[in-house]
Amino acid sequence: NSFQYSVCSNVFITAASSYTNGYSIAASPIDTNNVIMTWVDDRFGDADIVFSRSIDGGNNWSYPARLNDDAANNGIIQDRVWSYFSKDGKFVAGWRDRRLNGTGSSVPADIYLTYSLDGGNSFSQNLRISDTSAANTPLSCCNSFLGVTIDTNYSYAIWSDDRSSDWEVYFSKTPLQLTGLQELSDINSDLSIYPNPTTATVNINFNLKKQQRVILELFDMSGKKQTS
């Protein structure tokens, strides 16, 4: 009970806001002290997807921050959030978002997501994963029409909408942008890698203390060798 109260005490919802239904909580399998709760919250001026993170198993929580990256207090309503941790500690959250279609809760909506490769320290830009906006359909409660998950290389989402005038189920598979490079600090040479992170071309400079043969091998974050 104290854990639940600690989580929910950070929630701010204005009265008579029917679109504020939807919340999710997830714990990292590689560090069960790392817990992220997401929910719909009005404190920044309109209905946003916000998150609060605990790194001590729920005893203390960060101040809520927005996950949707459109302008704050712009009248755009986000709702129906769901989230998940992968077995290797990556985090993903998905929600319904109306930023392409105007203000208010009755305009058509899309599905967006964001993910974190470092357990909640930083997040990707918001990604639109639905290819067509769907007309608003009143839902009596919660977020059971949407699910998200994530693994080493992809995020996945499944949801339902009535874009075809019939309630259908849709699926999206989105590749993760694994662009960060880890510098090796324990080798006996001067090594610089730039730009870091990179998206296309990278420069690797190093100096050796003596003449010797060197083999450079590049791996992605999944451990797959890319080149040498």
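Quick note: numbers below take in every heavy atom, side chains included, and nothing from hydrogens, waters or symmetry partners. One is the number of the first residue; the rest follow in order along the sequence.
A cation-pi arrangement, defined by a distance under 6.0 Å to the six-membered ring centre and an angle within 45 degrees of its axis, is present between Arg43 and Tyr63. Judged by the 6.0 Å distance and 45° axis criteria, Arg163 is positioned over the aromatic ring of Tyr170. For the pair Lys173 and Tyr154, the distance from NZ or CZ to the six-membered ring centre is under 6.0 Å and the angle to the ring normal is within 45 degrees.
Dense packing is recorded around CG of Leu127, with more than 12 heavy atoms of other residues, nucleotides or ligands lying under 6.0 Å away.
Leu113 CG to Ile129 CD1: the interatomic distance, rounded to the nearest 0.5 Å, is 4.5 Å. Summarising the geometry, atom NZ belonging to Lys90 is positioned 7.5 Å from atom CG belonging to Asn153; distances are rounded to the nearest 0.5 Å. Rounded to the nearest 0.5 angstrom, Asn126 CG and Asp69 CG are separated by 3.5 Å. The distance from atom CD1 of Ile25 to atom CZ of Phe51, rounded to the nearest 0.5 Å, is 13.5 Å. Taken from OH in Tyr115 to CD in Gln125, the straight-line distance is 8.0 Å, to the nearest 0.5 Å. With rounding to the nearest 0.5 angstrom, the OH atom of Tyr112 is 5.5 Å from the CG atom of Asp97.
In this structure, Met37 and Val35 have side chains that are not in contact, with every pair of non-hydrogen atoms separated by 4.5 Å or more. Proximity of Leu67 to Gln78: side-chain heavy atoms (C-beta onward) are nowhere separated by under 4.5 Å. Put simply, the side chain of Asp88 reaches to within 4.5 Å of the side chain of Thr152, judged on heavy atoms. Considering only heavy atoms from C-beta on, Ile158 stays 4.5 Å or farther from Leu146 through its side chain. Using a 4.5 Å heavy-atom threshold, the side chains of Tyr84 and Ile150 count as touching. Side-chain contact between Val92 and Trp82: absent, with no pair of heavy atoms (C-beta onward) separated by less than 4.5 Å. Annotation: side chain of Asn68 is in contact with side chain of Ile49 (closest heavy-atom distance under 4.5 Å). A heavy-atom distance below 4.5 Å is not found between the side chains of Arg80 and Trp95.
Between the side chain of Thr38 and the backbone N or O of Tyr23 there is no donor-acceptor pair closer than 3.5 Å. Side chain of Asp42 to main chain of Asp48: no donor-acceptor pair is present (N/O by atom type, distance under 3.5 Å, no hydrogens or angles). Panel note: side chain Arg98, backbone Ser105; a donor-acceptor pair is recorded below 3.5 Å. Judged by distance alone, with hydrogens and angles left aside, the side-chain atoms of Asn121 form a donor-acceptor pair with the main-chain N or O of Asp118 at under 3.5 Å. Distance alone, capped at 3.5 Å, is enough to place a donor-acceptor pair between the Asp46 side chain and the Gly75 backbone. Between the side chain of Ser28 and the main chain of Gly89, no donor-acceptor pair closer than 3.5 Å is present. Put simply, the side chain of Ser24 never gets that close to the backbone of Val81: no donor and acceptor are under 3.5 Å apart. For the pair Asp56 (side chain) and Asn59 (backbone), a donor-acceptor distance under 3.5 Å is present.
Under 3.5 Å, the side chains of Trp167 and Ser160 contain a donor-acceptor pair of N or O atoms. Under the 3.5 Å distance criterion, with hydrogens and angles disregarded, a donor-acceptor pair is assigned to the side chains of Asp110 and Ser133. A donor-acceptor pair shorter than 3.5 Å cannot be found between the side chains of Arg99 and Asn74.
Both Leu176 and Ile111 sit in one connected hydrophobic cluster of ILVMFWY residues. Membership requires side-chain heavy atoms under 4.5 Å apart, directly or through other members. Linking Ile, Leu, Val, Met, Phe, Trp and Tyr residues whenever their side-chain heavy atoms come within less than 4.5 Å leaves Tyr156 and Leu117 in two separate clusters.
Heavy atoms only, all atoms of each residue included: Ser54 and Gly58 are closest at OG-N, 2.7 Å. Across every non-hydrogen atom of Ala71 and Arg66, the tightest pair is O-NH2, 3.5 Å. Residues Ser172 and Trp159 share a closest heavy-atom pair of CB-CZ3, 3.8 Å. The minimum heavy-atom distance between Phe44 and Pro64, with the atom names listed, is CZ-O, 3.6 Å.
Ring-plane geometry between Phe91 and Phe123 is classed as perpendicular, the angle between the planes exceeding 60 degrees on a 0 to 90 degree scale with a lower cut at 30.
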